[in-house]
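Note that the structure is a prediction, hence the values are computed from the model and not measured. Note on naming: letters A, B, ... go to the chains in the order of the sequence lines (proteins, then strands), and numbering restarts at 1 for each one.
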Amino acid sequence: MNMQEIISPENVVYQKPRLMNDHPMHYCPGCSHGVVHKLIAEVIDEMGLAEQTIGIAPVGCAVFAYNYLDIDWIEAAHGRAPAIATAVKRLNPGKMVFTYQGDGDLAAIGTAETIHACNRGENVVIVFINNAIYGMTGGQMAPTTLDGMKTATCPYGRNVSLNGYPLKISDLLAQLEGTCLITREAVHTAAAIRRGKKALRKAFENAMAGKGSSVVEFVSTCASGWKMTPEQANQWMVENMFPLYPLGTLKDK
Amino acid sequence: MANEIKLLKGNEAIAHAAIRYGADGYFGYPITPQSEIMETLMEEQPWETTGMVVLQAESEVAAINMVYGGAACGKRVMTSSSSPGISLKQEGISYMAGAELPGLIVNVMRGGPGLGTIQPSQADYFQTVKGGGHGDYRLITLAPASVQEMADHVALGFDLSFKYNNPAMILTDGVIGQMMEKVVLPEQRPRRTEDDIRREQPWAALGKPASRKPNVITSLELDSAIMEQNNIRFQAKYKTIEASEVRYETFKCADADYLIVAFGSAARISQKVVELARKQGIKAGLFRPITLWPFPTKALNACKEKVKGILVVELNAGQMVEDVKLAVECKVPVAYYGRLGGIVPTPQEVLEALLSLQV
Ligand SMILES: Cc1ncc(C[n+]2csc(CCOP(=O)(O)OP(=O)(O)O)c2C)c(N)n1
Ligand code: SF4
Ligand SMILES: [Mg+2]
């Protein structure tokens, strides 16, 4: 068998998702953002929704999500993506509308927009990247930062008596009548990635079926913000984040 | 629906005009003295007839971002509020200007600062025409002086904002919002189809067909060289608007020795003052800017040789008076008269201010 015979369509076992372009990615090595982007690209393409999908990008490290996926995008002000998604979906009920938001975006500055979009049961998907830190602005404390965890704005560790408690916003969103699917995923192993993709697929199907709001939280690493190697970050996430933010389905109705 | 003559409050006229214009959506949050706009829309249920979406948002911040989202897919969408709520919308207005999105915002002003009063005021002039939100941007600003103009400015505001891909504001106050007058409502226009929008707003984020590149609506550009070019493009657009879209009205100005310059409700009072002054043999006239930005600088400048004095009447501490002074290059005495905190002056007190102008 020569090289040309090997490189043929029937031998393809893996390829870059069709909707991901060749724009150089700005994410740090080991960052969860890139993997989640890939899963979203695959789900949209597999569902045949590429021409009907509108993504709402956040302010945070994923602000440039619009550079990587070949779909139409709207870049939101910090935290406002769910309000924007609300209008886009209501004005275009047949379209697939999703937001992509970090923990600061979704659970601090955008808490009101998140809760009310979910409470109205907007038929959109919220993809939530919880890395317990403000990655983009240089590693400050997030609402999800763990008790005792060091960040640029809590250099001696988060002190809950001063800063309050890590916010389990997905648990809160699961209480709302408007949400149909709330699930917590991760992308640190192949098995987790497969599970995460299934969750995304279900969320996208819910939105198209008009079942209400779906939130797919990805407990994520921020090796740079955490000042670790990618490998250490994965391990730290498993040991420290998962006990507080356990993976699994919080709500599926 | 054909043309229709109705007796309406200014706020109600805005709601009816929006439906008849074929607006796609309204997003708002209640606040006095403009709540009738959303109340009327909810009563009319346009989603059953034209398909217009009407939604009560959780805050003014959410409402303006809903407008941003709707505009980003090329839809004709609007919001309304009053002063404290408009302060909250400034973030979204700045983002709309930066992303070059059209959309209509209505401010039925009340007295401030802070929670202030629910009584009428024009104290948000600076906020509206000088910025309000961050960055070097301009907001097309219309100042209706009657219930008829409240209705007419809905169409004009949408048309101008879509012509220039720039947000537009109707800047009015509790007097015009609450007063009842006869109004001719235009005939119902159809809402545009998705095909219409894809043709007329090819930049809209409505889903990417295979035939084109992704549409991305954003105000972000980290490359300063490109961001400077973006700003230069915005400024060129603002220059075009200043050159082409100035609107104003004059009342008995042709032979006037003394000019009152006033907008909105203050102009309504001032029109009466002109009549009272003329009865006393004083040749007074009224110059009423309809667009506050672009400001009728040239037209006012042309008056500077003809009049002996100008009185600017405002329901604030003297804001537009600065633009009037600039317009006439201080070649004529320019005085200000106004009341604050929700007090509306009587024609008699304005007349006295005008008489004291006389040399
Ligand atoms: C109104 C406003 N406030 C603050 C900022 C600065 N800012 C940019 S991103 C960010 C936090 C992002 O953190 P997160 O949402 O967790 O996203 P990550 O970068 O971690 O993915 C902040 C505070 C901003 N852009 N706008
Ligand atoms: S700073 Fe953190 S979240 Fe941002 S790209 Fe780097 S690793 Fe990812
Ligand atoms: Mg984060």
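Summarising the geometry, atom CD belonging to B/Glu194 is positioned 11.5 Å from atom CG belonging to A/Leu91; distances are rounded to the nearest 0.5 Å. Here the straight-line distance linking atom NZ of A/Lys89 with atom SG of B/Cys73 works out to 12.0 Å at 0.5 Å rounding.
The neighbour count for B/Glu221 CD, taken as heavy atoms of other residues, nucleotides or ligands under 6.0 Å away, is above 12. Counting heavy atoms of neighbouring residues, nucleotides and ligands inside a 6.0 Å radius, atom CD of B/Glu228 does not exceed 12 of them. Annotation for A/Lys197: atom NZ counts as buried by contact number, over 12 foreign heavy atoms lying within 6.0 Å. Heavy-atom neighbours of B/Tyr238 OH from other residues, nucleotides or ligands within 6.0 Å: above the threshold of 12. Atom CZ of B/Phe126 has more than 12 heavy atoms from other residues, nucleotides or ligands within 6.0 Å. Heavy atoms from other residues, nucleotides or ligands lying under 6.0 Å from NZ of A/Lys253 number more than 12.
Heavy-atom pairs under 4.5 Å with chain A were tallied for B/Pro209, B/Gly25, B/Ala71; the largest tally goes to B/Pro209. Among A/Thr53, A/Ile54, A/Thr86, A/Leu49, the residue with the largest count of heavy-atom pairs under 4.5 Å with chain B is A/Ile54. With respect to chain B, the highest number of heavy-atom pairs below 4.5 Å among A/Glu75, A/Glu51, A/Arg90 belongs to A/Glu51. Your options are A/Gly79, A/Ala117, A/Ala77, and the one with the most heavy-atom pairs under 4.5 Å with chain B is A/Ala77.
A/Ile74 and B/Ala72 make their closest contact through CD1-CB, 3.4 Å (heavy atoms, listed as atom of the first residue, atom of the second, distance). Contact between A/Ala87 and B/Gly70 at its shortest, heavy atoms only, is CB-N, 4.0 Å. Shown here for A/Ala83 and B/Ala62, the closest heavy-atom pair between the two residues is CB-O, 3.7 Å.
Both the backbone and the side chain of B/Leu220 come within contact range of chain A, each with at least one heavy atom under 4.5 Å from a heavy atom of that chain. Looking at B/Leu222, only its side chain comes within 4.5 Å of chain A, counting heavy atoms on both sides. The parts of A/Asp70 that come within reach of chain B are both its backbone and its side chain, each placing non-hydrogen atoms under 4.5 angstrom from that chain. Contact annotation for A/Ala85: neither backbone nor side-chain heavy atoms come within less than 4.5 Å of a heavy atom of chain B. With a 4.5 Å cut-off on non-hydrogen atoms, A/Ala50 touches chain B through its backbone but not through its side chain.
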Test log, rule side-chain contact (heavy atoms from CB on, under 4.5 Å), inputs A/Tyr66 and B/Thr218: CA-CA 9 Å; A/Tyr66 58 69; B/Thr218 181; 3.4 Å; yes
Candidate pair A/Asn92 and B/Lys75, rule side-chain contact (heavy atoms from CB on, under 4.5 Å), full reasoning: CA-CA 10 Å; A/Asn92 305 280; B/Lys75 303 278 179 175; 3.3 Å; yes
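A salt bridge links A/Asp72 and B/Arg212; the closest N-O separation between the charged side-chain nitrogens and carboxylate oxygens is under 4.0 Å.
The side-chain heavy atoms of B/Glu58 and A/Arg120, taken from C-beta on, include a pair separated by under 4.5 Å.
By a heavy-atom distance cut of under 4.5 Å, B/Val77, B/Glu91, B/Tyr95 are the residues of residues 77-99 of chain B near chain A, going up by number.
Remark: the backbone N or O of B/Leu206 is paired with a side-chain donor or acceptor of A/Lys95 at under 3.5 angstrom.
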